[in-house]
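Reminder, nothing fancy here: chain letters follow the sequence lines and each chain counts from 1. Note that this is a predicted model, so its numbers are computed, not measured.
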There are 2 protein chains.
Amino acid sequence: MPRLTEARSQLRRDQIVQAARRCFVRNGMERASVADITAESGLSAGSIYAHFGSKADIVRAVVQDVMDRRALTLAAYASGVRPPSPTQVMVLLVAATDPDEARIALQAWGEATTDPAIHEIVVSMIDRMRDLFRVGCEAWLVEAKGYERAAAGPRATRIADHLVAVYQAHLIRAALLGAPDAVDDAALTDVVEAIS
Amino acid sequence: MPRLTEARSQLRRDQIVQAARRCFVRNGMERASVADITAESGLSAGSIYAHFGSKADIVRAVVQDVMDRRALTLAAYASGVRPPSPTQVMVLLVAATDPDEARIALQAWGEATTDPAIHEIVVSMIDRMRDLFRVGCEAWLVEAKGYERAAAGPRATRIADHLVAVYQAHLIRAALLGAPDAVDDAALTDVVEAIS
DNA sequence: GTCTATACTACGATAGAC
DNA sequence: GTCTATCGTAGTATAGAC
């Protein structure tokens, strides 16, 4: 029985997190009230506080959730047998960007400047992403470009840093300008390949 | 007399804006209260509301102020007779970055996702910056690299987009990791020159 | 676990004297 | 213009019934 109960509880938590996410996209993490979240989720304040200790806990859960989704997407691309090129990874990642997720990411960056818990989540996420890029690039350099292992490592680190920058800039565009189908593939490809 | 009075009023406004900026760096734009700003500025609530119509007005003024400072710094570099290379501009800009200003910038990005007034300020600032980069790059391509005018334009646009990305990524690092004297000039130079 | 109702606080903004 | 004092409200969190 505990297993089923626990799963149900997790489901409720997720229901609350997704409702909160929609509220945050609409009103911002700080301005969105618990009352907004109750209305959006169809639950009551009492129910919500049975699953989260405070509104700050909900904010943390939403940020963690969005970051985890991003990392999963990226990891999926990087884990194929034939490592994709940096350009391919970036094009896929950009095409898979949800503007709402991008907005949550920007809000999280802002929160991270003053909230230690969010700061920790965001920074460790950036590190994780850089690492995924790095590992993927290293494999690609060795297997597709014929690099020696020794030379591939430092080169991959450099490229990964750059991919993080390009990706972050893309998130800003996606969040503030909407999804410009103007995902200018040509420009993106040009830029990424110049550094690869 | 109106001139002197107006100047004094502007001084008070600036005093409030700078105090508010410090509060925002400490507590975030939303969490910082008007009471915090009165305490930090040494003024009273009544006085502050004589100069600003609402707290939202103060937030807008702070964001505008920080953005204007950045644009001024960049314009100063770009306006020399001998146009600097993209790498030089970026190195100077990065070296001149104040972590507190970077934090305000990140908070402004987050706010821009839900507040139309902030959105307008942020987006137009990004456009202005891109344009300054573009004009500077074009001059540099023509005068230092021997490009034809016709070829320099599109190339400069491409480089400018990239400089914006690199700069935004730098702001994120500066805001969240502090000023890493690890302004890794080598990495920066490498990346910017690859695309130049 | 979930609801309704409410306690308590903190905040933004204003009033009115000086 | 600036102050002190205060009003009204919105918001988080809890109590207690079911």
Task: For atom NZ of B:K55 and atom C1' of D:dA10, their distance in whole Å - done: 14 Å
Task: Contact under 4.0 Å: B:R12 side-chain N or O vs D:dT2 OP1/OP2 - done: yes
Open item on the list: Just the rounded figure in Å: distance from P of D:dT12 to CG of A:D57.
Closed with: 13 Å
Open item on the list: Between A:T73 and A:Y77, is there a side-chain heavy-atom distance shorter than 4.5 Å?
Closed with: yes
Open item on the list: Could you check whether B:R103 makes a cation-pi contact with B:F24, meaning its NZ or CZ is under 6.0 Å from the centre of the six-membered ring and within 45° of the ring axis?
Closed with: no
Open item on the list: So if I take every side-chain heavy atom of A:H51 and compare against C:dT2, D:dT14, C:dA13, which nucleotide ends up nearest?
Closed with: C:dT2
TODO: Looking only at side-chain atoms of A:Y49, point me to the closest of D:dT12, C:dA13, C:dA5.
DONE: D:dT12
- [ ] With a 4.0 Å heavy-atom cut-off, tell me which residues in residues 27-35 of chain B come close to DNA chain D, sorted by residue number.
- [x] none
- [ ] May I ask you to test the A:E138-A:L141 pair for a side-chain heavy-atom distance under 4.5 Å?
- [x] no
Open item on the list: Quick one, B:L176 and A:V122 - any side-chain contact, counting heavy atoms below 4.5 Å?
Closed with: yes
TODO: Quick one: label A:S9 by what it contacts on the DNA or RNA (base, sugar-phosphate, nothing), any heavy atom closer than 4.0 Å.
DONE: nothing
TODO: Indicate the atoms forming the closest heavy-atom contact of A:A117 with A:D115, along with that distance.
DONE: N-OD1, 2.8 Å
- [ ] Measure from CZ on A:R13 to P on C:dT2 and round the result to the nearest Å.
- [x] 13 Å
- [ ] Let me know the distance between CZ of A:F52 and P of D:dG11, rounded to the nearest Å.
- [x] 20 Å
TODO: Side chain of B:S47 only, please: which of C:dT14, D:dC3, D:dT12 is the nearest?
DONE: D:dC3
Task: Which nucleotide in D:dT12, C:dG12, D:dT2 has an atom nearest any side-chain atom of B:A50 - done: D:dT2
Open item on the list: Rounded to whole Å, please give me the gap between CD1 in B:I37 and C1' in C:dC11.
Closed with: 12 Å
Open item on the list: So if I take every side-chain heavy atom of A:S44 and compare against D:dC3, D:dA13, C:dT2, which nucleotide ends up nearest?
Closed with: C:dT2
Task: Test item: B:R130 and B:D161 side chains (from C-beta on) under 4.5 Å apart, heavy atoms - done: yes
Task: Check: B:D68/B:Q64 side-chain N/O donor and acceptor closer than 3.5 Å - done: yes
